Structures are given as structure tokens and as C-alpha cells.
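One structure below.
Source: prediction; values computed, not measured.
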Amino acid sequence: RARAAAGPGAIPRVDFDEIGGQETAKKELKEALDFVVQRDRIRQLGIRPLKGILLTGPPGTGKTLLAKAAASYTDSVFLAASGSEFVEMYAGVGASRVRDLFRRAREMARHAGKASAIIFLDELEVLGGRRGAHQSHLEYDQTLNQLLVEMDGIQTDADVQIVVVGATNRPDLLDPALLRPGRFDRIVQVDLPDLKGRLAILEIHVRQKPLGPDVDLEQIARQTFGFSGAQLESLTNEAAILALREGAEAIEQRHLVEAIDKVILGEKVDRRPTP
Ligand code: ATP
């Protein structure tokens with residue numbers, strides 16, 4: 001899956017409407033983000049700024065999409081980095097990368113004339129694991145300490161407000177220091193979608209695809225218990241490929257049904273150990 005690593009901070013145009021299901025997560029995230037939107041009121045009332053939001057949940061459930069939607073919602077520039085990008089064997093490299101990321105976020109927001117920046121840190125458990133738990137622990141510790149320093153340094157009266165959105169599927173591995181007040185003090189659970197959520201996600205991903213009259217997405221949603229949003233997206237894509245191969249004008253129900261198996265089998269093949 002292509003994702004611009006710590007790439008140029010543009011304002012992504014991901015609307016919350018393009019994220020299917022996840023109603024609770026969206027609501028909680030928006031409530032937290034209103035602290036950024038109403039920054040002047042927050043400052044006036046002397047409320048601590050919101051610095052970090054942690055999205056937890058299985059892979060492919062839309063955490064990256066939610067972080068991008070958070071940037072659109074708050075009119076912030078968006079920078080993304082993955083925990084593993086900070087892992088280096090040379091001491092101090094990870095820490096200086098963290099410092100650079102925050103500096104770049106401020107510069108980009110200023111350059112774009114924006115009052116806020118969202119830094120998305122995927123795989124947070126890699127960089128934010130318990131200190132002392134890693135073999136080359138000194139390097140990890142320095143990197144994590146730098147993240148804590150940067151988060152503690154976020155000020156309400158700064159010209160650019162930074163909000164760190166972290167994502168992990170292993171919150172249990174995080175160093176408790178990250179979860180203390182003033183750091184990631186909002187936790188938003190992003191679960192696998194339920195039936196309604198799966199239907200909503202399927203509907204989003206067939207928007208641009210021609211569908212035959214026999215298509216019953218609800219039936220597909222019922223048959224895909226346990227699928228993530230990413231798997232449902234891949235299912236609609238597989239169905240379109242099957243239709244193309246047959247020279248069909250539109251996707252029919254049987255293409256979708258066959259695609260369910262394709263996605264399940266595809267995952268099984270992917271998981272086989274390489275010889
Ligand atoms: P990871 O932990 O693996 O990074 P993630 O939770 O960040 O996964 P995303 O990268 O946001 O997941 O999702 C991958 C793709 O799956 C999205 O680009 C989108 O096409 C699809 N997708 C996932 N969840 C949803 C959703 N709730 N609604 C619509 N599409 C979704």
C-alpha cells in the first residue's frame with residue numbers, strides 16, 4: 001500500500017464521510033479535535049492543549065484515513081512517519097529524526113499559512129515501546145525520550161499548534177510515559193467493522209464502479225464477518241478485475257462472492273513463510 005512516508009506536508013482531502021462505519025471512533029476523534037478548532041476559547045479558559053491522540057486497533061481498519069481526515073477537519077498540514085523509520089543502529093539518529101519531524105511540521109504549517117499541523121506516527125509501538133525493553137535499548141530510549149520532549153514542548157500559544165496522532169495495534173507494548181496526561185491522553189479505539197460498517201465501507205468503494213442489477217451488497221457484508229476495511233476495499237477491486245477478465249460491462253453479484261474467497265485465500269498465501 002503506497003503511503004507517502006514523512007512526505008511533503010500537504011493538507012489531505014479526506015472527509016469523514018469517506019470512512020465507512022467507525023461511528024464511535026469518528027465521534028470521539030472529532031470531539032478531541034474540536035480542542036484544536038476552538039483553540040482561542042481553549043487558551044482563554046486555560047485548558048491544557050490537546051497534544052496527542054492514540055488510535056488503537058487491528059491493521060487496515062482506517063487509522064491512517066482517520067488521521068488524514070483529522071487534518072482536513074482542522075485545516076492542518078499533515079506529516080506521516082512510521083515508527084520503524086526511527087530505528088537505526090547509530091546512537092542519536094532516531095532522536096534527531098524525531099526532532100526534525102517536529103521542526104518540519106512547524107515549518108510546513110508556517111509556509112502554508114496554517115495554524116496547526118498533524119503528525120501521524122504509525123506503528124507507534126516500534127518507537128514508543130517500553131524503555132529498557134529492547135536489545136539496543138539505549139538508542140530506542142533516546143528516540144522515545146526525544147518524542148516525549150517534543151510533546152512536552154507543545155505550547156498553546158505557539159504560532160503552530162502540533163497534534164500528534166499515533167496509531168498502534170499493540171497499545172500494551174507502549175511505554176506508560178506516553179500515556180500520561182499531556183501526551184497521548186485521548187485513546188480512540190478503531191475496531192473491525194460490524195455489519196453496518198462493512199456495508200458502509202463496501203458502498204464507499206463501489207461508488208466509482210458500475211454495478212449490475214443483481215448486486216446485493218448487504219449479502220456481501222453479511223458474508224464478510226471479520227474483514228477489515230482494507231480487505232473490503234480489496235474485495236471490491238478483485239470483483240472488478242474478475243468482471244474485466246470476463247469482459248462483463250458491470251460487476252455482478254457472483255464476482256463479489258468469488259472475490260470474498262480471493263481475498264481470504266490471498267491473505268493465506270501472503271502469510272506462508274518464504275522458503
Ligand atoms: P495499518 O495499521 O495497516 O496502517 P490502518 O488502520 O491505518 O492500517 P488504513 O491505511 O487507513 O488502515 O486503510 C487502508 C485502506 O483500506 C484505506 O486506504 C481504504 O481504502 C480502506 N479502508 C480501511 N478502513 C476503511 C473504512 N473504515 N472506510 C473506508 N475504507 C477503509
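- No side-chain donor from either of Gln219 and Arg222 sits under 3.5 Å from a side-chain acceptor of the other.
- Hydrophobic clustering keeps Leu256 apart from Phe225 (ILVMFWY residues linked when any side-chain heavy atoms are closer than 4.5 Å, directly or through intermediates).
- Using modelled atom types, one side-chain atom of Arg97 and one backbone atom of Glu85 make a donor-acceptor pair closer than 3.5 Å.
- With sequence neighbours excluded, no residue forms a side chain to side chain donor-acceptor pair (under 3.5 Å) with Ser234.
- A side-chain contact (heavy atoms from CB on, under 4.5 Å) with Ile53 is found for one member of Leu33, Ile187, Val164 and no other, namely Leu33.
- With respect to the salt-bridge test (charged N to carboxylate O, under 4.0 angstrom), the residues Glu123 and Arg170 do not qualify.
- Between the Glu258 side chain and the His255 main chain, no donor and acceptor come within less than 3.5 Å of each other.
- Looking at Glu246, its side chain never comes within 3.5 Å of a backbone N or O of Ala243 through a donor-acceptor pair.
- Here the side chain of Ser76 pairs no donor or acceptor atom with the backbone of Ser72 at under 3.5 angstrom.
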* I would like to know whether Gln142 and Gln146 meet side-chain hydrogen bond (donor to acceptor under 3.5 Å, both in side chains); could you show each step before the answer? => CA-CA 6 Å; Gln142 283 182 1; Gln146 189 60 39; over 6 Å; no
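- Residues meeting the salt bridge (Lys or Arg N to Asp or Glu O under 4.0 Å) test with Glu203, sequence neighbours left out: none.
- Salt bridge annotation for Lys27-Glu23: absent, with no cationic side-chain nitrogen under 4.0 angstrom from a carboxylate oxygen.
- Remark: side-chain polar atoms of Gln253 are paired, donor with acceptor, to backbone N or O of Asp216 under 3.5 angstrom.
- Ion pairing between a basic and an acidic side chain is recognised when a charged N comes within 4.0 Å of a carboxylate O; Lys63 and Asp122 show no such pairing.
- Note: Tyr73 and Phe16 have perpendicular aromatic rings, judged against thresholds of 30 and 60 degrees for the angle between ring planes.
- Side-chain N or O atoms of Gln22 include one that pairs as donor or acceptor with a backbone N or O of Asp191 at under 3.5 Å.
- With hydrogens and angles disregarded, a donor-acceptor distance shorter than 3.5 Å links the side chain of Asp185 to the backbone of Gly182.
- One hydrophobic cluster holds both Leu124 and Leu148 under the rule that ILVMFWY side chains link at heavy-atom gaps under 4.5 Å.
- Between the Lys209 side chain and the His205 main chain, a donor and an acceptor come within less than 3.5 Å of each other.
- For the pair Thr61 (side chain) and Gly57 (backbone), a donor-acceptor distance under 3.5 Å is absent.
- With sequence neighbours excluded, no residue forms a side chain to side chain donor-acceptor pair (under 3.5 Å) with Asp17.
- Screening Leu101, Asn145, Val98 for a side-chain contact (heavy atoms from CB on, under 4.5 Å) involving Glu150 leaves a single residue, Val98.
- Remark: Arg103 engages Asp100, Glu107 in a salt bridge (Lys or Arg N to Asp or Glu O under 4.0 Å) (not counting sequence neighbours).
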* **Verdict with supporting geometry, Phe86 and Val93, side-chain contact (heavy atoms from CB on, under 4.5 Å)** => CA-CA 7 Å; Phe86 298 92; Val93 174; over 6 Å; no
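- Partners of Arg186 by salt bridge (Lys or Arg N to Asp or Glu O under 4.0 Å), not counting sequence neighbours: none found.
- The hydrophobic clustering, which links ILVMFWY residues whose side-chain heavy atoms are closer than 4.5 Å, places Val165 and Val37 together.
- Not a single side chain to side chain donor-acceptor pair (under 3.5 Å) links Glu238 to another residue, sequence neighbours left out.
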